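Accompanying notes for the structure given below.
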Amino acid sequence: MNGYNHYKEKSIYSMSGPELLMLLFDETIKRLTRAEYSLKDKDYKDFEDCINRTSRIVRYLIDILDMEYPISWDLKRIYDYLIFDLSRVKAGRERRIDEIGRIRHILSELREGFEGASKKVNDMHIAKTVEVRG
């Protein structure tokens with residue numbers, strides 16, 4: 001393994017849970033953008049690779065859900081829908097190119113929501129002000 005790959009692997013292992021989640025969302029968004037360009041260039045092999053990788057990441061997001069929380073069920077439904085829609089895009093290619101942008105938008109919105117929630121949770125560790133009475 002060369003030095004750069006070793007560095008990348010080490011940096012991934014040192015990330016927090018929220019940072020890893022953001023990395024996954026960033027990768028899906030990047031892959032969808034690349035799929036869109038590949039489809040415009042009629043590079044179908046790269047297009048299918050990008051859609052397949054995006055689907056695998058979304059399936060992984062389903063696998064890591066903690067189903068004890070009610071919101072996890074809602075997220076699972078969204079992720080299931082995204083996988084279904086990605087399969088339609090893959091099957092329809094040019095007829096479904098407009099769907100790629102919509103899927104990317106949904107994933108971007110989810111990313112922003114998780115990022116905001118992560119910041120809010122991190123802000124909760126600040127010491128609260130205590131009112132002195134008397």
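All figures in this text were calculated on a predicted structure; none of them were measured in a lab.
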(request) Please list, chain by chain and in numerical order, all residues satisfying side chain to side chain donor-acceptor pair (under 3.5 Å) with Lys76, sequence neighbours excluded. (result) Asp80
(request) Apply salt bridge (Lys or Arg N to Asp or Glu O under 4.0 Å) to Lys30 and list each qualifying residue two or more places apart in sequence or on a separate chain. (result) Glu27
(message) Can you confirm whether Asp74 sits close enough to Tyr79 that some side-chain heavy atom of one is under 4.5 Å from a side-chain heavy atom of the other?
(response) no
(request) Hey, could you give me the CZ/OG1 distance between Arg31 and Thr33, rounded to the nearest 0.5 Å? (result) 11.0 Å
(message) Could you check whether any side-chain heavy atom of Asp46 comes within less than 4.5 Å of a side-chain heavy atom of Cys50, counting everything from C-beta outward?
(response) yes
(request) Please name the pair of heavy atoms, one in Ala35 and one in Ile51, separated by the smallest distance, quoted to 0.1 Å. (result) CB-CD1, 4.0 Å
(request) Mind checking side chain to side chain donor-acceptor pair (under 3.5 Å) for Arg111 and listing every partner two or more places apart, or none if nothing turns up? (result) Asp26, Glu115
(request) Output the distance between atom CD1 (Ile106) and atom CZ (Arg104), rounded to the nearest 0.5 Å. (result) 11.5 Å
(message) Before you tell me yes or no, could you show the steps for Ser38 and Asp43 under side chain to side chain donor-acceptor pair (under 3.5 Å), namely the whole-Å CA-CA distance, both residues' side-chain angles and the distance that decides it to 0.1 Å?
(response) CA-CA 5 Å; Ser38 295; Asp43 183 355; 4.7 Å; no
(message) Leu110 and side-chain contact (heavy atoms from CB on, under 4.5 Å): which single residue from Leu61, Ile78, Thr28 fits?
(response) Ile78
(request) Examine Ile62 and Ile64 and state if one hydrophobic cluster contains both, with Ile, Leu, Val, Met, Phe, Trp and Tyr joined whenever side-chain heavy atoms are less than 4.5 Å apart. (result) yes
(message) Working to the nearest 0.5 angstrom, can you tell me the gap between Leu86 CG and Arg88 CZ?
(response) 10.5 Å
(request) Hey, could you give me the CD/OH distance between Glu48 and Tyr44, rounded to the nearest 0.5 Å? (result) 10.0 Å
(request) Would you check if Ile57 and Phe25 make a side-chain contact, meaning some heavy-atom pair closer than 4.5 Å? (result) no
(request) List for me each residue that meets salt bridge (Lys or Arg N to Asp or Glu O under 4.0 Å) alongside Glu112, sequence neighbours excluded, and say none if there are none. (result) none
(request) Nearest 0.5 Å please: distance from the CH2 atom of Trp73 over to the CG atom of Leu65. (result) 9.5 Å
(message) Val89 vs Phe47, test: side-chain contact (heavy atoms from CB on, under 4.5 Å). Steps then yes/no.
(response) CA-CA 10 Å; Val89 167; Phe47 164 77; 3.9 Å; yes
(message) Listing request: all side-chain hydrogen bond (donor to acceptor under 3.5 Å, both in side chains) pairs with a residue in residues 54-70, at least two apart in sequence or in separate chains.
(response) none
(request) Indicate the atoms forming the closest heavy-atom contact of Ile100 with Leu32, along with that distance. (result) CG2-O, 3.4 Å
(message) According to side chain to side chain donor-acceptor pair (under 3.5 Å), who are the partners of Asn52, at least two apart in sequence or on a separate chain?
(response) Lys90
(message) Check Arg34 with Asp49, please: is the shortest side-chain N to carboxylate O separation under 4.0 Å?
(response) no
